[in-house]
Enquirer: 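The structure under discussion is supplied below as structure tokens; questions concerning it will follow.
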Amino acid sequence: MAGDASNPIEELKTRALEELGATDSAEALEEWRVSYLGRRGELTQVLRGLSSRSPDERRTIGAAANDAKTALEENLELRERAVKEAEVNSQLAGDAIDVTLPGWPSPSGGLHPTTRTARELCAIFASMGFQVVEGPEVEWEHYNFDSLNIPRHHPARDMWDTLWIDYTDENGDRPMLLRTHTSPMQARVMEKREPPVRVVVPGKCYRYEATDATHEWQLFQIEGLAVDKGITFADLKGTLYEFARQFFGQERRVRFRCDYFPFVEPGAEMAIDCFACAGEGCPICSGTGWIEIMGAGMVHPKVLEGVGYDPSVYTGFAFGIGVERAAMLKHGIEDIRHFYSNDLRFLRQF
Ligand code: DAH
């Protein structure tokens, strides 16, 4: 009987399976199930109608109808699974290719204005042949003071309000501190190498100091050091003048005046003409037309001797720049305390 299209049950089964193959949703499947296998479904009707048949017919038609029922049920299950899988796949595929959906914003940090400025300053000196080196923030008194011609009990130590570390050595001394400037790296670098030396040292420094608009107890400096045969004050001026023009503007003029730092002789303070008023006098330059930007000088012979360099052969210059101060001048920041108060409204401007 199988394959006999004239047989109504076989015809029903073929038609049902064909329709089943075309269903593509859960709703269509349910509709199909109801119309063939439901209580009023076609196949159900055939089985119900058996009672009015002869026993012979009942046997043959009944068997065929039961076979057909099993076949339809099995195929329904397979089709259900296939339809579900197709639905999930199309959802996934939809997700994967919807490139128009806005992505999750990934918050990206930025460099702190101090870091930015320090890098900018170092890059300028690097372009003139200076190497960038770094050193410890917890320092020995020896490097922070003695090696810089500031012996113990010398009043010059009062120039730096020092945070001492609570550590006592075997002699009962307290020789450890938070460096008050980056100058200790002068001796550390020279001890380790022979001239010529040309380095800049960016780093944090600490001072036991009350804070106000121009003072912080933590600050960032860049130390510079150049030592070789035949280095003169003209080299110092030329280098720092070039730096000032690159950082503050090509039209800048510079002024050097005598100043005292124990580790340089002669010592100088360098100022630039005020970029806000071009020397006329304004609040930024306190009416003077000039803005002091760093200390500098020719390395003191005692500093050179201390590291074993012969001061009759070698000379050099050194300088120290306050990084926050440079940033304040360049960007018109009126209070140094903004740098470390962690206010995003300030930090996001850079
Ligand atoms: N270390 C000094 C300070 O913190 C700044 C300074 C002045 C550094 C003159 C130098 C220099 O190298 O030559 O006040």
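Ligands are counted one by one from 1 in listed order, and the atoms in each one are counted from 1 as well.
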Enquirer: Let me see the working for Glu19 and Arg79 under salt bridge (Lys or Arg N to Asp or Glu O under 4.0 Å), right down to the final yes or no.
Expert: CA-CA 11 Å; Glu19 277 176 32; Arg79 188 66 196 162; over 6 Å; no
Enquirer: Would Arg207 count as a contact of ligand 1 if the rule is a heavy atom under 4.0 Å away?
Expert: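 So Arg207 counts as touching ligand 1.
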Enquirer: Identify, by atom number and element, the atoms of ligand 1 in contact range of Gly297, meaning under 4.0 Å from any of its heavy atoms.
Expert: 13 (O)
Enquirer: Out of curiosity, does Phe145 fall in the hydrophobic cluster containing Val303 (side-chain heavy atoms, cut-off under 4.5 Å, transitive links)?
Expert: yes
Enquirer: Among Pro184, Cys205, Ala318, Gly295, which residue places a heavy atom closest to atom 9 (C) of ligand 1?
Expert: Gly295
Enquirer: In terms of side-chain geometry, is the basic nitrogen of Asp343 or Arg348 positioned less than 4.0 Å from the acidic oxygen of its partner?
Expert: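 Salt bridge: no.
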Enquirer: Which residue and atom name correspond to the protein heavy atom nearest atom 14 (O) of ligand 1, and how close is it?
Expert: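 Closest protein heavy atom to atom 14 (O) of ligand 1: Trp160 NE1, 3.6 Å.
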Enquirer: Measure the acute angle between the ring planes of Phe317 and Phe319, then classify it against the limits of 30° and 60° as parallel, tilted or perpendicular.
Expert: parallel
Enquirer: Report yes or no: does a heavy atom of Met294 sit under 4.0 Å from some atom of ligand 1?
Expert: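 No.
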Enquirer: Using the ring of each side chain (for Trp, its six-membered ring), is Phe125 parallel, tilted or perpendicular to Phe243, with breaks at 30° and 60°?
Expert: parallel
Enquirer: Among all protein non-hydrogen atoms, which one is nearest to atom 12 (O) of ligand 1, and what is the separation to 0.1 Å?
Expert: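 Protein heavy atom with the smallest distance to atom 12 (O) of ligand 1: Glu223 OE2, 2.7 Å.
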Enquirer: Give the atom numbers and elements of ligand 1 that come within less than 4.0 Å of a heavy atom of Val264.
Expert: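 What qualifies from ligand 1 is 13 (O).
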Enquirer: Could you tell me, atom by atom, which parts of ligand 1 come under 4.0 Å of a heavy atom of Phe261?
Expert: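 Answer for ligand 1: 7 (C), 9 (C).
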Enquirer: Do side-chain atoms of His112 reach the backbone of Thr114 as a donor and acceptor pair under 3.5 angstrom?
Expert: yes
Enquirer: What's the shortest distance from atom 5 (C) of ligand 1 to any protein heavy atom, and which residue and atom give it?
Expert: Gly320 CA, 4.2 Å
Enquirer: Going by the rule side chain to side chain contact (heavy atoms under 4.5 Å, CB included), which residues pair with Glu216 if we only count those two or more places apart in sequence or in a different chain?
Expert: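 For Glu216 the side chain to side chain contact (heavy atoms under 4.5 Å, CB included) partners, ignoring immediate neighbours, are Thr211, Ile336, Arg337, Tyr340.
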Enquirer: Show the atoms of ligand 1 that are less than 4.0 angstrom away from any heavy atom in Ser183.
Expert: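 That gives atoms 1 (N), 8 (C) of ligand 1.
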Enquirer: Does at least one non-hydrogen atom of Phe263 fall below 4.0 angstrom from an atom of ligand 1?
Expert: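 The answer is yes: ligand 1 sits under 4.0 Å from a heavy atom of Phe263.
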Enquirer: When you measure from the heavy atoms of Gln186 to every atom of ligand 1, does any distance fall below 4.0 Å?
Expert: yes
Enquirer: Measure from NZ or CZ of Arg179 to the centre of the six-membered ring of Tyr143 and say whether it is under 6.0 Å with the direction within 45° of the ring axis.
Expert: no
Enquirer: Would a single hydrophobic cluster contain both Val323 and Met294, if residues Ile, Leu, Val, Met, Phe, Trp and Tyr are joined by side-chain heavy-atom contacts under 4.5 Å?
Expert: yes
Enquirer: Identify, by atom number and element, the atoms of ligand 1 in contact range of Gln221, meaning under 4.0 Å from any of its heavy atoms.
Expert: 3 (C), 4 (O)
